[in-house]
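Throughout, a chain's letter reflects where its sequence line sits, starting with A, and its residues are numbered from 1.
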Amino acid sequence: MIDIRDYEAMEKLSLSEAERNWVSSCAELLLKSFDELEKIEADVDPLITVLDILNIFREDVAVKKVSREEILSNAPEQYDGYIQVPKTLE
Amino acid sequence: MNRVVLEDCIMQKGIPVTAGSKILENFISPLTATVVNKLLDHGNVIVQRAKMYEFGIPNFFTDDSDEIPEAIKVVKDGVADYSLCNDLFGKYRRNAAETGCCYIHPTYGTVSRFGLIPLVSSMDQIGVVCKSIPEGLKLLSQIAGNDLEDGAMFPEKFYDYAKNKQSISVGIPESIVNKADQETQSAIKEFAEKFNSVNVDLEYFDVYKQVMMILSCAEISNNISRYDGIKFGYRASGYKGIDDLYIKTRSEGLGVETKLAAIMGAMVLSKNQYTPYYEQATKIRRLIKESLRFDAYDIIVLPCCISEDPYENLSLFALPNLVGLPCASFSYKGQGIQLIANVKNENLISTAWEVCMA
Amino acid sequence: MKYEVVMGLEVHVELATESKLFCSCSAKFGAEANENVCPACAGMPGMPAVTNKKAVELGIAAALVTNSEITRTMFFDKKNYFYPDLPTGYQITQLFAPICRNGWVEIETGEGKKKITLKQIHIEEDAGKLVHDNRTGTSLVDFNRASVPLVEIVSNPDFRTAEEVVTYLEKLRSLLSFAGVSDCKLQEGSMRCDVNISVREKGSDKLGTRTEIKNMNSMKAIAAAIEFESQRHIDALETGSEVLVQETRRWDDNIGETFSMREKENATDYRYFPNPEIMPIVISDEWISAVRESLPETAQDKYIRLTQKLGLSEYDSSIITGSKNLADIFDETMKYFNKPKEVVNWIIVELLAIAKGDNKGGDDVKIDCKKFAKLIELVDNNTINRGVGKKLLSLVWKEGIDPDVYVKENNLGMVSDTDMIGQVIKNILTMHSKSVDEYKSGNQKVFGFLMGQVMRELGGKADPQVIKKLLTDLLAGK
Ligand SMILES: [Zn+2]
């Protein structure tokens with residue numbers, strides 16, 4: 001069984017044992033199937049977006065769309081106009 | 001005046017939107033999706049929001065084809081004329097066809113994604129559950145068209161899906177169709193007889209599912225990293241410090257299928273595996289796009305099921321998403337089939353539908 | 001000296017746009033917490049990124065002034081990590097195809113000119129700000145800066161001394177601020193500098209262990225941090241007192257030391273990948289030419305114009321062109337009053353003195369140039385004297401008064417009626433007959449005293465030259 005704990009850490013997840021067993025077994029299956037890809041000679045540029053469109057821009061105009069209250073009202077905890085989180089330093 | 005249902009991934013200002021996830025519990029949408037505004041502008045009525053499984057990520061390893069999403073049920077049961085959702089992995093296309101409805105997946109970049117909860121940005125595309133393809137295109141023509149709020153769209157402001165071509169030629173990937181059950185095979189044979197048909201070899205078909213899976217998981221892991229308990233939505237209780245807040249919130253708030261996608265995404269994007277997995281998948285994506293020969297056929301016909309293994313079936317649905325092509329699924333002679341056309345050729349699908357239903 | 005310090009710089013500069021990089025929130029500095037925030041830059045789902053064209057144009061301008069090779073098809077990437085100041089959990093930046101590469105900036109050093117070569121410049125979005133709140137023992141998040149456009153200018157390890165670093169930063173600030181790319185204010189964080197530093201024995205071509213120092217918000221702090229950190233490296237090499245590790249260190253300006261930032265350093269697999277939401281950007285020859293033509297005068301060109309065409313001194317010109325803000329004030333004021341020597345004199349002598357009283361330097365001075373020009377003109381054409389002019393300047397500075405109106409309403413105009421001035425002088429001479437006698441008996445010093453009395457009586461509103469002449473004449477009995 002492959003060890004997925006490093007990836008859990010990257011994703012800020014901590015899986016239960018049952019979840020970890022299921023995810024690792026799925027991951028193993030998937031990785032095995034992914035190995036098929038290396039057999040394909042792909043000497044081309046990556047295709048990131050299928051649209052053949054370039055240079056889509058917005059003009060530099062500031063527009064206020066949503067009030068501060070609307071943004072903050074969604075925050076689980078707020079204080080004095082800020083979103084509040086546990087201490088990040090020290 | 002049509003009655004339209006929105007799946008819970010399409011945002012309406014002031015209304016809770018969760019995309020079926022606990023992690024979006026308590027999230028009140030601060031904006032309304034462009035498609036919703038367009039629907040209302042055309043006099044349609046939003047009758048309800050449909051529940052969905054988390055972010056629309058199916059279980060890739062367990063056959064859940066008999067669990068019909070609410071967005072399809074409401075059309076099947078006549079509660080609504082249409083519903084809108086974002087079918088990435090084919091579940092909606094298959095379930096719609098199998099319940100006698102239709103699903104239209106429009107050309108990528110023709111329907112605004114402003115107000116759609118993003119999942120796989122290079123493939124996300126709002127589609128229509130409907131009773132018939134021509135009707136579905138009528139609704140689609142109301143919501144399609146360039147939106148300056150979405151930076152990945154074709155410039156056309158409107159699409160006219162009515163243009164018709166007299167004779168349609170269909171490409172039948174025989175080796176794939178032969179994997180389907182007998183009933184489906186004969187349905188597709190009957191369908192093909194109504195048109196000029198040619199055999200198509202869908203090169204790379206055997207790895208469609210891998211390419212789809214790698215790219216989807218990479219983008220899913222990225223798009224769901226915004227759900228962290230800091231700014232909105234669910235925040236776990238009893239955390240000790242910032243890192244614990246993240247981990248508890250995400251571990252409690254996300255379902256196991258989403259966790260699988262996130263972890264696969266982290267794998268294929270991580271330093272050592274980026275080149276063999278993610279980058280290789282993007283290159284094969286180009287090969288797949290270049291392998292299509294729409295000069296030799298107008299539409300490609302595919303079944304909606306070739307295996308009991310959902311992961312195997314994923315290859316059947318990947319092509320429109322990987323290449324951004326329009327596609328529609330429906331029931332023909334009681335069997336689910338799908339038609340895929342070239343970019344912005346939704347009308348050819350509609351014409352074919354009318355020919356075969358006549 | 002046995003050791004050589006090798007340094008490379010990563011300089012972040014906020015672009016001078018009105019709005020953010022991928023949403024239309026205001027990018028202005030100094031708003032209330034979370035005032036300039038929308039669902040997109042608060043990390044909420046549902047708003048696709050749409051690129052600000054001006055940001056790309058300012059990126060092209062940055063490429064041009066640093067002699068860089070512009071990437072003809074550039075795109076954006078996503079960099080994944082979790083931190084509360086990063087609303088979406090990823091930063092949109094450029095790894096695979098940055099806007100330009102291989103530029104250079106020339107600096108003047110003690111040993112002559114030196115070319116600092118640049119690896120690349122890329123455009124990216126800024127993060128929000130975290131405030132550590134002692135009252136609640138929590139951290140507070142402000143997303144006003146989140147998604148504000150930046151360029152990061154990455155140099156090669158070409159620096160050997162702190163002086164070179166500071167000279168380079170000043171050159172960069174001049175190039176970028178004169179090109180309108182950024183206002184480059186270290187204190188406001190619109191220009192930030194991370195230093196990669198390693199120490200090796202002189203003559204060795206092997207690099208030592210490299211550390212990165214962050215969080216310096218003044219030129220002085222940068223120089224001090226470099227001194228401290230290089231000495232720490234040298235001590236470690238000499239005495240083996242400490243094993244150097246490759247790490248990021250934070251400069252503490254109060255203590256004057258660098259400290260390891262352990263927490264952010266583990267698990268840094270950023271899982272970069274190309275951003276599929278943003279279409280590739282093709283930068284054509286035409287576009288580059290258009291940006292090049294729209295570039296304002298550089299500090300160097302302006303210096304040449306000031307010294308050669310306008311006949312200003314090298315000293316004055318270097319002060320004016322040392323700050324984009326002063327240069328702008330000069331140009332703007334000249335539009336209303338076209339006497340360069342007078343304008344420069346008023347900026348350098350009077351305006352900067354008033355600003356200094358308010359703890360402001362050349363970069364932060366703000367003045368209504370039209371009013372400023374008017375008061376210079378009023379002094380120049382003898383409507384008011386210089387003393388009144390100075391007083392008016394401080395009123396323009398503080399209260400924004402209109403000099404013309406103020407002079408009229410307060411009757412501050414110069415007295416030009418010589419009969420009236422003559423009458424005042426006569427009165428003074430009568431009052432101070434003793435002094436007049438002294439003068440007449442040869443004590444020339446008394447003239448100054450009498451002159452002062454007349455000036456005071458006239459409230460400083462008469463031209464001293466006129467008073468002097470009249471007084472001389474009257475004393476001579478004319
Ligand atoms: Zn914003």
**Student:** So, B:Tyr108 versus A:Thr49: side-chain donor-acceptor pair below 3.5 Å or not?
**Tutor:** no
**Student:** Within the side chain of B:Lys248, is there an N or O that forms a donor-acceptor pair under 3.5 Å with the backbone of A:Leu13?
**Tutor:**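 No; zero donor-acceptor contacts below 3.5 Å.
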**Student:** Go through the steps to decide whether B:Tyr274 and B:Val268 satisfy the test side-chain contact (heavy atoms from CB on, under 4.5 Å), and finish with yes or no.
**Tutor:** CA-CA 5 Å; B:Tyr274 180 86; B:Val268 300; over 6 Å; no
**Student:** Taking every non-hydrogen pair under 4.5 Å, which of A:Val85, A:Leu37, A:Asp35 racks up the most with chain B?
**Tutor:** A:Leu37
**Student:** Relative to chain B, which of A:Leu72, A:Leu51, A:Ile56, A:Asp52 shows the most heavy atom pairs under 4.5 Å?
**Tutor:** A:Leu51
**Student:** What verdict does the side-chain contact (heavy atoms from CB on, under 4.5 Å) test give for B:Phe317 and B:Leu88, after you've listed the backbone C-alpha separation in whole Å, the side-chain angles of each residue and the deciding distance to 0.1 Å?
**Tutor:** CA-CA 8 Å; B:Phe317 301 103; B:Leu88 285 163; over 6 Å; no
**Student:** Can you tell me which portion of B:Met267 sits under 4.5 Å from chain A's heavy atoms? Options are side chain, backbone, both or neither.
**Tutor:**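 Interface part for B:Met267: both.
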**Student:** Do any of residues 19-31 of chain A come closer than 4.5 Å to chain B, heavy atom to heavy atom, and if so which ones, in number order?
**Tutor:** A:Glu19, A:Trp22, A:Val23, A:Cys26, A:Ala27, A:Leu29, A:Leu30, A:Leu31
**Student:** List the atom of B:Arg286, the atom of A:Asp45, and the distance in Å for their closest heavy-atom pair.
**Tutor:**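 Where B:Arg286 meets A:Asp45 most closely, the heavy atoms are NE-O, 2.7 Å.
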**Student:** Top residue by heavy-atom pair count (under 4.5 Å) with chain A, among B:Val207, B:Ile263, B:Leu325, B:Asp243?
**Tutor:** B:Ile263
**Student:** With no hydrogens and no angle check, do the side chains of B:Asn59 and B:Asp64 hold a donor and an acceptor under 3.5 Å apart?
**Tutor:** no
**Student:** Quick one: what part of A:Glu38 sits under 4.5 Å from any heavy atom of chain B, side chain, backbone, both or neither?
**Tutor:** backbone
**Student:** Report yes or no: does B:Asn313 contribute a side-chain atom to a donor-acceptor pair with the main-chain N or O of B:Glu308 at less than 3.5 Å?
**Tutor:** no
**Student:** Indicate the atoms forming the closest heavy-atom contact of B:Gly127 with B:Pro106, along with that distance.
**Tutor:**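 The pair with the smallest heavy-atom distance is CA-CD, 3.8 Å.
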**Student:** Among A:Val44, A:Leu47, A:Asp6, A:Ile4, which residue has the highest count of heavy-atom pairs closer than 4.5 Å to chain B?
**Tutor:**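 Highest number of pairs under 4.5 Å: A:Leu47.
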**Student:** What I'd like to find out is whether the side chain of B:Leu322 reaches to under 4.5 Å of the side chain of B:Leu215, using heavy atoms alone.
**Tutor:** yes
**Student:** Can you say whether A:Ile53 sits under 4.5 Å from chain B via the side chain, the backbone, both, or neither, judging by heavy atoms?
**Tutor:**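 Side chain only.
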**Student:** With a 4.5 Å cut-off on heavy-atom pairs, point out which of B:Ala262, B:Gly109, B:Pro276, B:Cys217 contacts chain A the most.
**Tutor:**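 When all of B:Ala262, B:Gly109, B:Pro276, B:Cys217 are compared, B:Ala262 has the most.
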**Student:** Which answer fits A:Gln84, side chain, backbone, both or neither, if we ask what part of it has an atom under 4.5 Å from a heavy atom of chain B?
**Tutor:**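 Contact with chain B: backbone only.
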**Student:** Verify the distance criterion only: is there a donor paired with an acceptor across the side chains of B:Thr32 and B:Asn37 at less than 3.5 Å?
**Tutor:**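 B:Asn37 and B:Thr32 do not have a side-chain donor-acceptor pair below 3.5 Å.
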**Student:** Using a 4.5 angstrom heavy-atom cutoff, name the option from B:Asp206, B:Val323, B:Thr282 with the most pairs to chain A.
**Tutor:**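 Counting heavy-atom pairs under 4.5 Å, the top option is B:Thr282.
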**Student:** Side chains of B:Leu31 and B:Lys13: closer than 4.5 Å at any heavy-atom pair?
**Tutor:**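 Sidechains of B:Lys13 and B:Leu31: no contact.
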**Student:** Evaluate the side-chain proximity of A:Pro86 to B:Tyr239: yes if any heavy-atom separation is below 4.5 Å, no if none is.
**Tutor:** yes
**Student:** Counting only non-hydrogen atoms closer than 4.5 Å, can you tell me which residues of residues 110-123 of chain B sit against chain A?
**Tutor:** B:Ser122
**Student:** Is the side chain of B:Thr249 donor-acceptor paired with the backbone N or O of B:Ala236 at a distance under 3.5 Å, no angle test?
**Tutor:** yes
**Student:** Using non-hydrogen atoms only, which part of A:Leu54 is less than 4.5 Å away from chain B: side chain, backbone, both, or neither?
**Tutor:** neither
**Student:** Could you please state which residues from residues 58-68 of chain A sit under 4.5 angstrom from chain B, measuring non-hydrogen atom to non-hydrogen atom, sorted by number, or 'none'?
**Tutor:**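 From residues 58-68 of chain A, the residues near chain B are A:Lys65, A:Val66.
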**Student:** Examine the side chains of B:Glu346 and B:Thr107 and answer whether a donor and an acceptor come within less than 3.5 Å of each other.
**Tutor:**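 A donor-acceptor contact under 3.5 Å links the two side chains.
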**Student:** Which atoms form the tightest heavy-atom contact between B:Ser21 and B:Glu54, and what is the distance?
**Tutor:**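 Closest approach of B:Ser21 to B:Glu54: OG-OE2, 2.5 Å.
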**Student:** Which region of B:Phe154, side chain (C-beta onward) or backbone (N, CA, C, O), has a non-hydrogen atom less than 4.5 Å from a non-hydrogen atom of chain A, or is it both or neither?
**Tutor:**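 Both backbone and side chain.
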**Student:** For a side-chain contact (heavy atoms from CB on, under 4.5 Å) check, start with the C-alpha distance between B:Ile340 and B:Cys327, then their side-chain angles and the critical distance, and finish with the verdict.
**Tutor:** CA-CA 4 Å; B:Ile340 299 165; B:Cys327 166; 4.0 Å; yes
**Student:** Looking at B:Ile288, B:Asn26, B:Ile214, which makes the most heavy-atom pairs under 4.5 Å with chain A?
**Tutor:** B:Ile214
**Student:** If you count heavy-atom pairs within less than 4.5 Å of chain B, which of A:Ser73, A:Pro76, A:Ala42, A:Ala18 leads?
**Tutor:** A:Pro76
**Student:** side-chain contact (heavy atoms from CB on, under 4.5 Å), that's the test. Do B:Asp150 and B:Thr34 meet it? Break it down for me.
**Tutor:** CA-CA 10 Å; B:Asp150 182 344; B:Thr34 299; over 6 Å; no
**Student:** With a 4.5 Å heavy-atom cut-off (strictly below), which parts of residues 252-260 of chain B touch chain A? List them by number.
**Tutor:** B:Leu254, B:Val256, B:Glu257, B:Lys259, B:Leu260
**Student:** State whether B:Glu25 and B:Lys22 are salt-bridged, where the test is any N-O pair (Lys NZ or Arg NE/NH1/NH2 against Asp/Glu carboxylate O) under 4.0 Å.
**Tutor:**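 The answer is no: the pair does not qualify as a salt bridge.
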**Student:** Which region of A:Ile83, side chain (C-beta onward) or backbone (N, CA, C, O), has a non-hydrogen atom less than 4.5 Å from a non-hydrogen atom of chain B, or is it both or neither?
**Tutor:** side chain
**Student:** Do B:Arg250 and B:Leu245 come close enough that some side-chain heavy atom pair is under 4.5 Å?
**Tutor:**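 Side chain of B:Arg250 against side chain of B:Leu245, heavy atoms only: no contact under 4.5 Å found.
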**Student:** Heavy-atom pairs under 4.5 Å with chain A: which of B:Lys289, B:Glu279, B:Glu290 has the most?
**Tutor:**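 Top option by heavy-atom pairs under 4.5 Å: B:Lys289.
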**Student:** B:Val17 versus B:Gln12: any side-chain heavy-atom pair under 4.5 Å?
**Tutor:**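 Side-chain contact under 4.5 Å: no.
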**Student:** Counting only non-hydrogen atoms closer than 4.5 Å, does B:Phe61 touch chain A with its backbone (N, CA, C, O), its side chain (CB onward), both, or neither?
**Tutor:**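 The side chain, not the backbone.
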**Student:** Tell me whether the rings of B:Tyr227 and B:Phe232 are parallel (<30°), tilted (30 to 60°) or perpendicular (>60°).
**Tutor:**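 Geometry flag for B:Phe232 against B:Tyr227: perpendicular rings.
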**Student:** Are side-chain heavy atoms of B:Arg285 and A:Val50 found at a separation under 4.5 Å?
**Tutor:**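 Side-chain contact under 4.5 Å: yes.
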**Student:** Is the shortest side-chain heavy-atom distance between B:Ile23 and B:Thr18 below 4.5 Å?
**Tutor:**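 B:Ile23 vs B:Thr18: side chains apart.
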**Student:** Quick one: are B:Pro16 and B:Phe27 in side-chain contact, heavy atoms under 4.5 Å?
**Tutor:**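 Result no, sub-4.5 Å side-chain heavy-atom pair not found.
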**Student:** Please report the interatomic distance CG(B:Asp228) to OG(B:Ser225), rounded to the nearest 0.5 Å.
**Tutor:** 8.0 Å
